[in-house]
Structures are given as structure tokens and as C-alpha cells.
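Counting convention: from 1, in listed order, for ligands and their atoms alike.
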Amino acid sequence: MKPSVILYKTLPDDLLVRLKNHFTVTQLKDLSPETVRQNAQAFAEAEGILGSSEKVDKAFLEHTPKLRAASTVSVGYDNFDVDALSERHIALMHTPTVLTETVADTIMTLVLATARRAVEVAERVKVGEWKGSIGPDWFGIDVHHKTLGILGMGRIGLALAQRAHFGFSMTILYNARRHHQEAEERFNARYCDLDTLLAESDFVCISLPLTDETYHLIGAEQLAKMKSSAILINAGRGPVVDEKALIQALVDGKIHAAGLDVFEQEPLPVDSPLLSLPNVVALPHIGSATHETRYNMAACAVDNLIAALSGNVKENCVNPQVLK
Ligand SMILES: NC(=O)C1=CN([C@@H]2O[C@H](COP(=O)(O)OP(=O)(O)OC[C@H]3O[C@@H](n4cnc5c(N)ncnc54)[C@H](O)[C@@H]3O)[C@@H](O)[C@H]2O)C=CC1
Ligand SMILES: O=C(O)C(=O)CO
């Protein structure tokens, strides 16, 4: 008999067929307590789950006594209680690498859009404000040859450094828990402590995971250390930045602008003060959202679940100790 799995995301047809070749699939819309209650038998039987963005914690796991693997269609896994999964010997699989280049492109999009005010001035064109030769109130600031600071020199940070160094002749600073030899050798990146990075960067770019350590890593005190001409870009996770403090810093002119793909609450509420600030570019968490990359992530997640439930894991496991 095929193992039972719960799918809580829509998959392209060919990937759904691949999943069904290996498993008995129950498709559900989410993992909310109500969905769990209404489908108690499916959760009681499930050996695997596949989807994204839903919270998987101890309380959820009480309803899944047979679970052996969770496969998330994402690289970030802050919505999973990894310790609780590991205690139960449940493998957590994720999708690194396939999305790295696309997310780095998104960060560069935010760098360019905020510096050149692309969204703001395009809106002004649409409402008929472009009536003659433009003056300084339409001007942006240069990106090329400026200093870009990277918080989180991992896969995405490295791909960002490559773009900034080769594409825009930028000076790269980074802060990390250890020196990153490849970044230093290939992109002449300079390691520095957080305060130095904040003080010297024209663009502070966050590609950090959300952990206990990174929660509100950037708050009022850190924003005050940035140049008043500097721009903050966050494409890691919203809660890495204290959003209230960020709004205040933008309102007070402590920093120049912000480019945000992630927020403390998603979707971003329409009444968020961020949306009334002209110097904020707010994207709806599109870091990896291209047709190609989302397909590749879904394919990777399907393969990850097949590997995990057949005892054949070679890569992409967050807690490989459970496989021993
Ligand atoms: N906006 C979006 O759509 C997307 C956001 N992401 C976010 O980007 C994050 C990073 O992804 P990858 O680069 O693939 O992961 P990665 O694991 O390769 O890189 C993360 C880096 O952050 C470093 N780090 C962790 N805690 C730190 C701390 N306290 N201080 C300094 N450095 C620290 C790690 O050592 C690592 O080098 C994901 O965890 C996810 O939250 C990822 C994909 C898409
Ligand atoms: O993969 C992730 O962690 C995302 O945020 C979406 O791609």
C-alpha cells in the first residue's frame, strides 16, 4: 500500500501525477486547526505532508501520530518547530539552491527601485504629473560604485554579492558569524561587525533566516547607526526588522528609504503606515516568485518527500540526525 500524504498547496499537474505515483494524496487547503478537525482521519494516517507557509508546531503534531516527513516548498523553515519534529524523528525537507538566483534578483530589484524611486515616479507618470522636463524632485541616487552591506552571507547573500560586485562595481561589506572565504576571494567582500556595516553601507541588505537570534536584530538603535542617506532592504523574514522602529526611522528621516519583500504580518495590512510612505517599496513576498523558480521549488519538494519516505535522502534535510 502507498503511504498517505497530505498536500496543502496546489501543484502543477505533472508534479501532482509524480506525487500520486508514490503516495495516496489528500489535497487540503491549509493546516489550520479547523481543517485538521474536519479531516482528522487523513491527518491520523498521514506519513508525509507537503506545502508551504503553514505553522507546524507541537499542537499540530499531536494530530499526526504516523508522520515521518514534512516537505516545505521554501528554503526558510521558521514556521516549523524543528525541535518538536526532531524529537518525533520526523525529517524536515526544504528547497535551498533552486531559488537562490531568483531571490538575489529580487533583492537587486529592491535596491534599484528604491534608489531610483522607480515605483514612485512611475505612479506620478500614470496620474499625469509628467508635464515637462523633470527636475530634482524626480531624481534618485546612484547604485553603482556605492557600498552594499549584506546581513546573512549564505547562498542568497553570495548571489547578491556577485551581482553587486560584477554588475554594479559596488564595495561589499558583510557581517556573519564567521569569515566567508569565497565572498572575500571572488567579490572582495570585507567582513565587519554589525555596527561598522550599518555605519558604512549605502544599502543594508538582509538575507537572514528568522531565528531567536535574528528576531528584531534591526531595531531603533541599529537604524540610528545607519547613514541618513542609506536604504534598508529586507528580503529575509519580516520579524528580523522591528517594523514599528523602521516606520519611525523613515518618518523621521533617519534613513532614506526601505525596500521590503517581507513583513512582520503577511499579507501586509492595507492600513500599514508603510504603505503611505513614498520612500517605501513594498512587495508581496515575491522573492522566489517566478514561474520557473516556483516550478523548480515544487519539483524539489516532491522529490524531497519521495526521498524522505523511501529512506533515500541525499540532500535538503534540515534535521539529518533523525535519519540515522
Ligand atoms: N523573500 C523571499 O521570498 C525569500 C526569503 N528567503 C529568506 O532568506 C533566508 C536565507 O536563505 P539562504 O541564503 O538560502 O540561507 P543560508 O542558510 O544559505 O544563509 C543564511 C545565512 O545567514 C547566516 N546567519 C544566520 N543567523 C545569523 C546571525 N545571527 N548573524 C549573522 N549571520 C547569520 C547563516 O550563517 C547563513 O550564512 C531564508 O532562511 C529565508 O528566510 C529565502 C528565499 C525567498
Ligand atoms: O523559500 C522561502 O523561504 C520563501 O520565503 C519563499 O520562497
Side-chain angles (χ1 to χ4, degrees), residues 9 50-56 70-80 82 92-111 149-163 173-184 189 191-198 204-219 222 232-241 258-264 266-268 281-301 304 315-319:
K9 190 175 182 73
L50 189 154
S52 69
S53 308
E54 296 285 305
K55 195 168 171 165
V56 174
S71 179
T72 180
V73 191
S74 64
V75 63
Y77 49 84
D78 47 279
N79 51 321
F80 288 86
V82 181
L92 174 58
M93 310 297 294
H94 70 150
T95 64
T97 317
V98 286
L99 46 60
T100 298
E101 300 294 329
T102 299
V103 182
D105 286 349
T106 304
I107 299 178
M108 226 41 235
T109 302
L110 283 170
V111 167
I150 299 177
L151 296 180
M153 187 55 95
R155 288 170 290 252
I156 294 168
L158 197 69
L160 172 64
Q162 178 174 23
R163 283 155 178 73
L173 306 180
Y174 74 101
N175 173 254
R177 289 178 292 192
R178 61 193 79 83
H179 284 255
H180 197 296
Q181 202 183 338
E182 190 182 350
E184 296 186 7
Y191 175 88
C192 50
D193 62 34
L194 180 59
D195 285 357
T196 307
L197 182 144
L198 293 169
V204 173
C205 296
I206 301 171
S207 51
L208 282 165
L210 175 61
T211 63
D212 291 344
E213 243 181 87
T214 64
Y215 176 79
H216 281 194
L217 182 72
I218 302 299
Q222 290 69 33
L232 181 78
I233 307 293
N234 187 8
R237 283 291 183 266
V240 174
V241 176
L260 308 169
D261 187 43
V262 289
F263 302 88
E264 292 215 60
E266 296 181 10
L268 182 64
V281 175
L283 300 179
H285 201 142
I286 59 158
S288 63
T290 63
H291 289 292
E292 300 93 326
T293 292
R294 283 293 169 87
Y295 179 88
N296 291 336
M297 289 164 67
C300 178
N304 283 343
E315 58 184 359
N316 302 338
C317 187
V318 171
N319 54 351

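Between the side chain of Asn316 and the backbone N or O of Met93 there is no donor-acceptor pair closer than 3.5 Å. A side-chain donor-acceptor contact under 3.5 Å links Thr214 to the backbone of Pro209. With hydrogens and angles disregarded, no donor-acceptor distance shorter than 3.5 Å links the side chain of Thr293 to the backbone of Ala289.
Listed by number with element, the atoms of ligand 1 under 4.0 Å from a non-hydrogen atom of Asp261 are 1 (N), 2 (C), 3 (O). Distances below 4.0 Å separate heavy atoms of Met153 from the following atoms of ligand 1: 37 (O). Numbered from 1 in the order shown, with element, the atoms of ligand 1 that lie under 4.0 Å from a heavy atom of Val262 read 1 (N). Within ligand 1, counting atoms from 1 as listed, the ones closer than 4.0 Å to a heavy atom of Ile156 are 8 (O), 11 (O), 12 (P), 13 (O), 14 (O), 42 (C), 43 (C). Against a heavy-atom cut-off of under 4.0 Å, Ala235 is close to the following atoms of ligand 1: 1 (N), 2 (C), 4 (C), 5 (C), 6 (N), 7 (C). Close approach to Val75 involves these atoms of ligand 2, each under 4.0 Å from a residue heavy atom: 1 (O), 2 (C), 3 (O). Of all atoms in ligand 1, listed by their number and element, those nearer than 4.0 Å to a heavy atom of Ser207 are 9 (C), 10 (C). Of all the atoms in ligand 1, the ones that sit under 4.0 Å from a non-hydrogen atom of Ser288 are 3 (O).
Counting heavy atoms from C-beta on, the side chains of Arg155 and Leu99 never come closer than 4.5 Å. Between Asn304 and Cys300, some side-chain heavy-atom pair lies under the 4.5 Å cut-off. In this structure, Leu260 and Val241 have side chains that are not in contact, with every pair of non-hydrogen atoms separated by 4.5 Å or more. Under the 4.5 Å side-chain criterion, counting only non-hydrogen atoms from C-beta, Val103 is not in contact with Ser207.
Of the candidates His285, Met297, Arg237, the one placing a heavy atom closest to atom 6 (N) of ligand 1 is Arg237.
When only interatomic distances are considered, the shortest N/O to N/O separation between Met297 and ligand 2 does not fall below 3.5 Å. In terms of N/O distances under 3.5 Å, ligand 1 is not approached by Thr211. Among the atoms of Gly287, some N or O lies under 3.5 angstrom from an N or O of ligand 1. Residue His285 has at least one N or O atom closer than 3.5 Å to an N or O atom of ligand 2.
Distance from atom 44 (C) of ligand 1 to its nearest protein heavy atom, with residue and atom name: Val103 CG2, 3.5 Å. Shortest contact from atom 19 (O) of ligand 1 to any protein heavy atom: Gly154 CA, 3.2 Å. For atom 14 (O) of ligand 1, the closest heavy atom belonging to the protein is Arg155 NE, 3.0 Å. Of the protein's non-hydrogen atoms, Ser288 OG, 3.5 Å is the one closest to atom 6 (C) of ligand 2. Considering only non-hydrogen protein atoms, atom 27 (C) of ligand 1 sits nearest to Leu208 CD2, 3.6 Å. Looking only at protein heavy atoms, the nearest one to atom 35 (O) of ligand 1 is Arg177 NH2, 3.1 Å. Closest to atom 42 (C) of ligand 1, if we only count protein heavy atoms, is Val75 CG1, 3.3 Å.
When the ring-ring contact (aromatic ring centres under 6.0 Å, His included) test is applied to His180, no partner is found at least two apart in sequence or on another chain.
Residues Thr196 and Asp193 share a closest heavy-atom pair of OG1-OD1, 2.6 Å.
Contact annotation: for Glu213 versus ligand 1, heavy atoms closer than 4.0 Å belong to the side chain alone. When non-hydrogen atoms are compared, ligand 2 lies under 4.0 Å from the side chain of Arg237 (C-beta onward) but not from its backbone. Counting heavy atoms closer than 4.0 Å to ligand 2, residue Val262 contributes nothing at all. Counting heavy atoms closer than 4.0 Å to ligand 1, residue Pro209 contributes atoms from both its backbone and its side chain.
The shell of residues lying under 4.0 angstrom from ligand 1, judged by heavy atoms, excludes Thr100.
From Leu160, atom CG reaches atom CG of Asp105 across 10.0 Å, with rounding to the nearest 0.5 Å. Considering CD1 of Ile286 and CG of Leu110, their distance stands at 7.5 Å, rounded to 0.5 Å.
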One pair to check against side-chain hydrogen bond (donor to acceptor under 3.5 Å, both in side chains): His216 and Gln222. What are the steps and the verdict? CA-CA 10 Å; His216 281 194; Gln222 290 69 33; over 6 Å; no

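Between Glu266 and Arg237, no side-chain nitrogen of the basic residue sits less than 4.0 Å from a carboxylate oxygen of the acidic one, so the salt-bridge criterion is not met.
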